Peer 1: 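Quick one: the structure is below, and I'll ask about it shortly.
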Amino acid sequence: MRFMIIVKATKDSEAGVMPEEKLIAAMAEYHEELQKAGVLLDASGLRPSSTGWRVKYSGEKRTTLDGPFTEAKELIAGYTLIQVKSKEEAVEWARRFPNPADDGKEGEIEIRQLFELEDFGPSEAVERFREMGIAARK
Amino acid sequence: MTATDTHRAIDAVWRIESPRLIAGLARIVRDVGLAEELAQDALVIALEKWPGSGVPENPGAWLMATAKHRAIDLLRRGKRLERKHEELAREIEARQETAVPDLDAAIDDDIGDDLLRLMFTACHPVLSTEGRVALTLRLLGGLTTGEIARAFLVPEPTMAQRIVRAKRTLAEARAAFEVPREADRAARLSSVLEVIYLVYNEGYSATAGDDWMRPALCEDALRLGRILAELTPREPEVHGLVALMEIQSSRLGARTDASGRPVLLLDQDRARWDQLLIRRGLAALAHAEELGGGNGPYTLQASIAACHARARTPAETDWASIVGFYGALARLMPSPVVELNRAVALAMLFGPAAGLEIVDALTSEPSLEGYHLLPSVRGDLLAKLGRSDEARAEFERAATLTRNARERELLLLRAGACTRGSSP
């Protein structure tokens, strides 16, 4: 099963401040551990929301909104995708994730399990999702 | 946290930490079986203590310290009276007293080497193939005996016996806990690769039982392969094997239909192929090639898998390259099974008659007698040539030969389609 460790944005990450060397080293070390254990699938940091945009829908109407966006905690700054044997294993790996904020500051990560459509029974709607290529697969 | 939650948390810690724990201990006590017992003892103590005290901040270090104390206790109490153990106990203790930080640092530094030693030892040539597989999953995959038994559809006591016997064999043969030297290394490494790929294949195409595949085993094998690639970054064939497994895994979601029946490669919905795994597989393949491994057996097989992965539709498949890769593979390790696969690729390139010629020659091959894929492929080619009656007979024969219930169902379905006179 796959889990995504989502790193929440901070004022610093939104301001485009690059993390301190110490934090970069801690992150590198953590991801090396994941890699050595054979559980790391993918990981990346995201540029600040000032370089992004949103598309808002109202029925058929769509409006494009350019960043930056407020409420840093609702934004994401990066993700790490892992493949593990159980939820408990994901909990244990997530517990070891370094504080993604610089020294002394508050950071937050959120962990979400990816859908595995195999978990659902066969259904026409699920089949359609599959055809759209939306699903996460094992 | 309830006691059950803590037990589950401990299971997870065990899965993450046990390979390094056992590997580190095996270097100290120079006996894989004893190392595993000590690690188990530490786990039992954790199961007693952690529900009350909580899981420690650094559970791996806790388990290692506890296991080392157990080692000294056990050896001192004279349960094992051999002089070797007595000396070892003194040695461990002396090292701990004089240079605790150094010893811990040494263990951390060498842990990669230890894991590699453990992998080579678990796949030691003195062991039976079954023993190698069981020991590898147990010591390096962090699987319980019960999990391994379920994966291979044998009763748990049988699997427990198999593991005990393997550990005893290693001890009796006094198998050195080491990374083999140059002369031996290539052969020993290929034994490790073979074991990992065997586990993978048992998951990918379950040879027996009601499931067509057991994806958990594929994940276990892939994890082992990824670990090995980190331990031996300069070995092209290791990356080749990882590439092969990543690309094959990308199709796991597309290999069965909604009712669990197998879907053959060319009939699969390619939108369901996992692009992340394909990307990882192609990257691993490129790595293997950079290291000069383009002609190794796993890299060649990965190259074939990559041809399929790169084709957006079956019609875009580069069959000419695939025929070439199978040819290279056949020269490297001549085998009727490789020849059968080459026949399929040739049929795609030049038409069913070209493939059938090779397949017909293979029917007299004694090693393929009883191999269900031979009549299955022959049936497919005959059906494409419009020879429905012969095709049906071949599909039916294949159905009686496979031990996999799901596959049998598919083959009988194809035989039935021949009866109706249409090409299945």
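Each chain gets a letter, A, B and so on, in the order the sequences are listed, and its residues count up from 1. In this text the structure is predicted, and so the values were computed from the model without any measurement.
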Peer 1: Where is the tightest heavy-atom contact between A:D42 and B:R280, given as atom of each residue plus distance?
Peer 2: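 Heavy-atom minimum between the residues: N-NH1, 4.5 Å.
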
Peer 1: Can you confirm whether more than 12 heavy atoms, excluding those of B:R270, are under 6.0 Å from its CZ atom?
Peer 2: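 Enclosed: over 12 neighbouring heavy atoms sit under 6.0 Å from CZ of B:R270.
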
Peer 1: Do B:I10 and A:E92 pass the side-chain contact (heavy atoms from CB on, under 4.5 Å) test, and can you show the C-alpha distance, the side-chain angles, and the key distance before you say yes or no?
Peer 2: CA-CA 9 Å; B:I10 295 172; A:E92 181 57 27; over 6 Å; no

Peer 1: Checking A:L41 against chain B: side chain, backbone, both or neither under 4.5 Å from a heavy atom?
Peer 2: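 Both backbone and side chain.
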
Peer 1: Quick one: does B:L276's side chain get under 4.5 Å of A:L81's, heavy atoms only?
Peer 2: yes

Peer 1: By a 4.5 Å heavy-atom criterion (distance strictly below it), what part of A:E33 contacts chain B: side chain, backbone, both, or neither?
Peer 2: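 Contact with chain B is through the side chain of A:E33 alone.
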
Peer 1: Check A:R95 against B:P59 and note the closest heavy-atom contact, atom names and distance.
Peer 2: NH2-CD, 3.4 Å

Peer 1: Quick one: CG on B:L277 to CD on A:Q83, what's the gap to the nearest 0.5 Å?
Peer 2: 6.5 Å

Peer 1: Count the heavy atoms belonging to other residues, nucleotides or ligands that lie under 6.0 Å from CZ of A:R96, then report whether that count exceeds 12.
Peer 2: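 More than 12 heavy atoms, drawn from other residues, nucleotides or ligands, come within 6.0 Å of this atom.
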
Peer 1: What part of B:A229 gets within 4.5 angstrom of chain A, counting heavy atoms only: side chain, backbone, both, or neither?
Peer 2: neither

Peer 1: Measuring from atom CD of B:E147 to atom NZ of A:K85, what distance do you get when rounded to the nearest 0.5 angstrom?
Peer 2: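 Those atoms lie 5.5 Å apart.
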
Peer 1: Answer yes or no: is there a donor N or O on one side and an acceptor on the other, between the side chain of B:R15 and the main chain of A:V84, under 3.5 Å?
Peer 2: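 Such a contact is absent between B:R15 side chain and A:V84 backbone.
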
Peer 1: In terms of heavy-atom contacts, does CD of B:E316 have more than 12 from other residues, nucleotides or ligands at under 6.0 Å?
Peer 2: yes

Peer 1: Does any N or O in the side chain of B:R226 come within less than 3.5 Å of the main-chain N or O of A:K36, such that one atom is a donor and the other an acceptor?
Peer 2: no

Peer 1: So what's closer than 4.5 Å to chain A heavy atoms on B:E57: side chain, backbone, both or neither?
Peer 2: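 For B:E57, the contact with chain A is made by backbone and side chain together.
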
Peer 1: With a 4.5 angstrom heavy-atom cut-off, could you sort out which part of B:D220 is near chain A: side chain, backbone, both or neither?
Peer 2: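 The side chain, not the backbone.
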
Peer 1: What are the two closest heavy atoms between A:E88 and B:A9, and how far apart are they?
Peer 2: CG-N, 4.1 Å

Peer 1: What part of B:I227 is in contact with chain A, defined as an atom under 4.5 angstrom from a non-hydrogen atom: side chain, backbone, both or neither?
Peer 2: both

